[in-house]
Engineer: 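Let me give you the structure first, and then I'll get to my questions.
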Amino acid sequence: DGGITQSPKYLFRKEGQNVTLSCEQNLNHDAMYWYRQDPGQGLRLIYYSQIVNDFQKGDIAEGYSVSREKKESFPLTVTSAQKNPTAFYLCASSIGIRGYSPLHFGNGTRLTVT
Amino acid sequence: AQSVTQLGSHVSVSEGALVLLRCNYSSSVPPYLFWYVQYPNQGLQLLLKYTSAATLVKGINGFEAEFKKSETSFHLTKPSAHMSDAAEYFCAVSDPGGGGTSYGKLTFGQGTILTVHP
């Protein structure tokens with residue numbers, strides 16, 4: 001079955017360290033997204049990518065970086081510049097970036113930074 | 001700019017009772033509307049979507065939602081709640097995008113946690 005795989009499910013890091021979250025999809029979708037979820041705040045868009053080697057900042061991109069070297073993969077790096085990195089991170093994909101394309105989500109990575 | 005308001009961060013119902021989760025939106029253009037469900041420590045799953053066809057939309061697991069343009073609402077309902085419906089529900093609105101490859105920005109509501117009592 002096609003889907004989105006995020007790894008690891010839980011991640012613990014010390015403050016000041018960069019950390020990379022993995023996201024792989026086998027749905028053959030062009031568009032991929034990273035969201036951050038905090039309790040009571042819904043989902044906030046970090047970055048999105050329409051095609052390989054192209055990505056755009058979302059609403060809360062500061063302190064994060066991404067790459068899109070392959071269609072299937074869209075890793076997210078949480079850098080030491082992100083002031084409050086502890087959160088639940090969700091990767092998603094869609095056929096296109098037009099508004100009618102529903103998102104397919106992975107099962108998330110819960111990052112804890114101490 | 002578009003926005004979504006979900007009325008009630010927590011809703012509690014008895015098993016077998018009607019489920020009603022409220023969603024109001026604002027958008028400067030005819031929107032696309034979605035409901036997603038999230039079970040604990042999992043990603044979101046699409047329940048249903050409105051994309052300018054029928055105003056009453058049927059989704060998975062017996063849920064449905066009605067698009068009411070005059071009320072700018074897209075409330076989610078289910079006639080009879082089941083224990084397995086306990087989860088967090090998100091309403092989301094997107095605009096069509098400017099055309100071609102323009103991004104149709106998706107905005108999520110704050111979420112409503114549904115509790116189902118036996």
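As the structure is a computational prediction, the values presented were derived from the model and not from experiment. First the proteins, then the strands, lettered A, B, ... as listed; each starts at 1.
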Engineer: As an exercise: rank B:Lys49, B:Gln42, B:Gln6 by heavy-atom pairs under 4.5 Å with chain A and give me the winner.
Structural biologist: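 Option with the top pair count is B:Gln42.
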
Engineer: Can you establish whether the number of heavy atoms outside A:Leu11 located under 6.0 Å from its atom CG is more than 12?
Structural biologist: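 For A:Leu11, atom CG is crowded (more than 12 foreign heavy atoms under 6.0 Å).
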
Engineer: For the CZ atom on B:Arg22, are there more than 12 heavy atoms of other groups (residues, nucleotides or ligands in this structure) within a distance under 6.0 Å?
Structural biologist: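 Counting other residues, nucleotides and ligands, CZ of B:Arg22 stays at 12 neighbours or fewer.
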
Engineer: Is it the case that over 12 heavy atoms from other parts of the model lie below 6.0 angstrom from the NZ atom of B:Lys58?
Structural biologist: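 Result for NZ/B:Lys58: open.
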
Engineer: What closest approach, in Å, do B:Gly43 and A:Asn107 show between heavy atoms, and which atom pair accounts for it?
Structural biologist: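 Between these two residues, the closest heavy atoms are N-OD1, 3.3 Å.
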
Engineer: Report yes or no: do B:Phe90 and A:Phe105 belong to one cluster of Ile/Leu/Val/Met/Phe/Trp/Tyr joined by side chain heavy-atom distances under 4.5 Å?
Structural biologist: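 As far as the 4.5 Å side-chain criterion goes, A:Phe105 and B:Phe90 are connected within one cluster.
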
Engineer: Linking I/L/V/M/F/W/Y whenever their side-chain heavy atoms sit closer than 4.5 Å, directly or via other members, would B:Phe108 and B:Tyr89 fall into one cluster?
Structural biologist: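 Cluster IDs for B:Phe108 and B:Tyr89 differ.
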
Engineer: At a 4.5 Å cut-off on heavy atoms, which part of A:Gln37 comes close to chain B: side chain, backbone, both, or neither?
Structural biologist: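 For A:Gln37, the contact with chain B is made by the side chain alone.
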
Engineer: Report which part of B:Gln38 has an atom under 4.5 Å of a heavy atom belonging to chain A: side chain, backbone, both, or neither.
Structural biologist: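 Interface part for B:Gln38: side chain.
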
Engineer: Are B:Leu114 and B:Val4 linked, directly or through intermediate hydrophobic residues, by side-chain heavy-atom contacts shorter than 4.5 Å (ILVMFWY only)?
Structural biologist: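 Both belong to a single hydrophobic cluster.
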
Engineer: Does any backbone or side-chain atom of A:Tyr10 lie under 4.5 Å from a heavy atom of chain B? Answer side chain, backbone, both or neither.
Structural biologist: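 Contact with chain B involves the side chain of A:Tyr10 alone.
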
Engineer: Can you tell me which portion of B:Ser9 sits under 4.5 Å from chain A's heavy atoms? Options are side chain, backbone, both or neither.
Structural biologist: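 Answer is neither: B:Ser9 stays 4.5 Å or more from chain A.
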
Engineer: Membership question, hydrophobic clusters at under 4.5 Å side-chain separation (ILVMFWY): are A:Tyr47 and A:Ile60 in the same one?
Structural biologist: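 Yes; tracing contacts between hydrophobic side chains, which count when under 4.5 Å, links both residues.
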
Engineer: Which answer fits B:Leu46, side chain, backbone, both or neither, if we ask what part of it has an atom under 4.5 Å from a heavy atom of chain A?
Structural biologist: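 For B:Leu46, the side chain is the part near chain A, not the backbone.
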
Engineer: Do B:Leu106 and A:Tyr35 come within less than 4.5 Å of each other through their side chains, counting heavy atoms only?
Structural biologist: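 The answer is yes, as the side chains (C-beta and beyond) meet within the 4.5 Å cut-off.
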
Engineer: Provide the closest heavy-atom pair for B:Tyr32 versus A:Tyr100 in the form atom of the first, atom of the second, distance.
Structural biologist: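 Closest approach of B:Tyr32 to A:Tyr100: CD1-N, 3.4 Å.
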
Engineer: If every non-hydrogen atom of A:Gly40 is compared with every non-hydrogen atom of B:Gln110, which pair is closest and at what distance?
Structural biologist: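 For A:Gly40 and B:Gln110, the tightest heavy-atom pair comes out as O-NE2, 3.6 Å.
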
Engineer: First locate atom OH of B:Tyr36, then atom CG of A:Leu103, and finally report the distance between them rounded to the nearest 0.5 Å.
Structural biologist: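 One finds 4.0 Å between OH of B:Tyr36 and CG of A:Leu103.
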
Engineer: Please state whether the side chain, the backbone, both or neither of A:Leu90 comes within less than 4.5 Å of a heavy atom of chain B.
Structural biologist: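 For A:Leu90, the contact with chain B is made by the side chain alone.
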
Engineer: Check each atom of A:Ile51 against the heavy atoms of chain B and say whether the ones under 4.5 Å are side chain, backbone, both or neither.
Structural biologist: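 No part of it gets close to chain B.
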
Engineer: So if you build clusters from Ile, Leu, Val, Met, Phe, Trp, Tyr with side-chain heavy-atom gaps below 4.5 Å, do A:Trp34 and A:Ile4 land together?
Structural biologist: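 Looking at the clustering, A:Ile4 is in a separate group from A:Trp34.
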
Engineer: Nearest heavy-atom pair of A:Phe88 and B:Asn41: which atoms, and what distance?
Structural biologist: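 Answer, listing the atom of A:Phe88 first, then B:Asn41: CZ-C, 4.2 Å.
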
